[in-house]
Amino acid sequence: MSCVIIYATFFLVAVKTSFGKMAFVLFIICNYAHFVVISSKYFERLFFPNLAMQTYRWSFSLTMLLVQMITLPWLSWFFNSKIRPVVNHHSIRNIWWYLWLIPATFYMTGYYGIYMADQATPNVQLAMRLDNVLFLLFINLGALLVYYMVVLLINETEDNLRLKIENHHLTMQSLQYESLKDRMEETRRAKHDLRQHLAFIGICIEEQNWNKLRDYLSDYMRILPSDTPISFCSHYAVNSVISYYAQLAEEKQIKFSAQLNIPSEINIADPDLIVVFGNLLENAYDACKTQERNHNFIVIKGGLQNVNTFVLTIDNSCETELSIAEDIGIYSTKHPGIGTGSLSVKNIAQRYKGIATFDVKEGVFHASVLLHL
């Protein structure tokens, strides 16, 4: 047990990762190491009985080498093909605070089952018993099975999240296309009717009926196609997201402004941009849609500050009292706990070695994101 504490301390200092990931991997290695030691001591008793009761003899090193030559390739394959891809996932960072308890439980079960259940027998003799070898073998096999099930669940969660993002992207693309098609049709009708409008305006001018002309022009301005820009930036994915929420804001009469400098190619993955813009704009829209008209607004500013820095700020009117956890995100108003959207934005900012902050001041919600490219 003291060795585990020493290893854990060394890992915390030497390995720059979260405690959960470090503990998860460490306890898997400790489980395997425990099995190697016990089985090696058993085989030493079989082949070198005169040396088995002594500690740290060449015979023990030899049997340990043979056990590792047989088992380590299988464990290495499992680690590289199953565990490593999951550990490298960034979008599920918080789950490791709980997952490390699984291998820790297996380790404590094996340790207690061998050493604590029979304290009258010396540890060396306990290590040489076949039943203890088989016990640890099944403990490790069961642990690997559980790890594999965890890997499947995490991969399924990642696939569902990726599919949700792609569906969200496709939905916004479709809505953007429908909006473009509607505006083109409105423009075509306006052009077709322009001759009649000009003829009527000419009659009013000839008759010098200025009141009638003013009323007519006022009515005509109300039926003109919307002047909301179709293109907010050169980046297709971001433009799709903003166009979608700009249309929703227009329907709810929410003042919507966007000033962006985002090129068509940027060193940020499209799914990450969609998650950041989509979640922040969804929160802003949800906050504004129930507010009094002419007082609700959404203002977006951001883009590349230089070749290595991306900055985004989204401000919106806010009448709801929000609870904000500085290091985690915003507590959801729809369900208990931290909101999924703000948590996702925080995770993406950390992945790009940046920062995401949220604040409410004087009825305005401020969301700021900085990413290093």
Side-chain angles (χ1 to χ4, degrees), residues 161 164-180 182-183 225-233 235-260 262 270-303 310-324 329-349 356-369:
L161 178 61
K164 181 180 179 180
I165 293 174
E166 292 176 355
N167 288 338
H168 191 48
H169 191 189
L170 291 174
T171 299
M172 287 182 289
Q173 289 179 353
S174 176
L175 290 173
Q176 185 186 28
Y177 171 75
E178 292 296 329
S179 176
L180 177 61
D182 292 341
R183 294 183 185 184
S226 172
D227 58 356
T228 303
I230 297 175
S231 178
F232 292 92
C233 65
H235 195 281
Y236 183 78
V238 174
N239 189 67
S240 298
V241 176
I242 297 178
S243 298
Y244 170 62
Y245 283 101
Q247 181 177 346
L248 294 180
E250 183 180 5
E251 294 173 357
K252 294 293 184 179
Q253 298 184 4
I254 301 171
K255 296 178 182 178
F256 192 93
S257 172
Q259 300 177 14
L260 296 168
I262 306 177
D270 284 0
D272 293 336
L273 285 172
I274 290 175
V275 169
V276 171
F277 277 90
N279 283 315
L280 294 181
L281 285 174
E282 181 181 12
N283 291 341
Y285 172 74
D286 288 342
C288 292
K289 66 182 180 181
T290 58
Q291 297 174 15
E292 184 179 352
R293 295 178 181 177
N294 300 323
H295 295 283
N296 48 3
F297 63 87
I298 299 174
V299 178
I300 311 169
K301 295 181 181 179
F310 176 86
V311 176
L312 172 68
T313 62
I314 297 181
D315 300 336
N316 63 269
S317 53
C318 180
E319 297 178 350
T320 305
E321 293 187 4
L322 299 176
S323 298
I324 300 176
I330 309 169
Y331 285 96
S332 176
T333 58
K334 302 175 183 177
H335 59 79
I338 298 296
T340 305
S342 62
L343 183 60
S344 298
V345 173
K346 282 273 190 181
N347 288 339
I348 291 175
T357 61
F358 310 103
D359 191 18
V360 180
K361 290 183 180 180
E362 299 179 355
V364 179
F365 178 82
H366 306 277
S368 302
V369 180

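Residue Asn239 comes nearest to Cys233 through the heavy atom pair OD1-N, 3.5 Å, listed as atom of the first residue, atom of the second, then distance.
Distance alone, capped at 3.5 Å, is enough to place a donor-acceptor pair between the Asn279 side chain and the Val275 backbone.
Separation of atoms OH (Tyr245) and SG (Cys288) is listed at 12.5 Å; rounding is to 0.5 Å. Taking CG of Asp315 as the start and CZ of Phe365 as the end, the distance is 9.5 Å to the nearest 0.5 Å. Between atom OH of residue Tyr285 and atom CZ of residue Phe256 there is a gap of 11.5 Å, rounded to the nearest 0.5 Å. Between the OG atom of Ser368 and the CG atom of Asp359 there is a distance of 8.5 Å, given to the nearest 0.5 Å. If you take CG on Leu312 and CG on Leu260, they are separated by 7.0 Å, rounding to the nearest 0.5 Å. Atom CG of residue Leu281 and atom CG of residue Leu248 lie 10.0 Å apart, to the nearest 0.5 angstrom.
Taking 4.5 Å as the limit, some side-chain heavy atom of Leu280 sits within range of a side-chain heavy atom of Val369. Two residues are said to be in side-chain contact when any heavy atoms from C-beta on lie closer than 4.5 Å; Gln259 and Val299 fail this criterion. For the pair Val364/Phe297, a side-chain contact is recorded, criterion being any heavy-atom separation below 4.5 Å from C-beta on. When side chains are defined from C-beta on, Ser240 counts as touching Tyr236, because their heavy atoms get closer than 4.5 Å.
Taking Lys289 as the reference, Asp286 meet the salt bridge (charged side-chain N to carboxylate O under 4.0 Å, His left out) condition, with sequence neighbours excluded.
In this structure, Phe277 and Phe310 have perpendicular ring planes: the angle between them is above 60°, well past the 30° mark.
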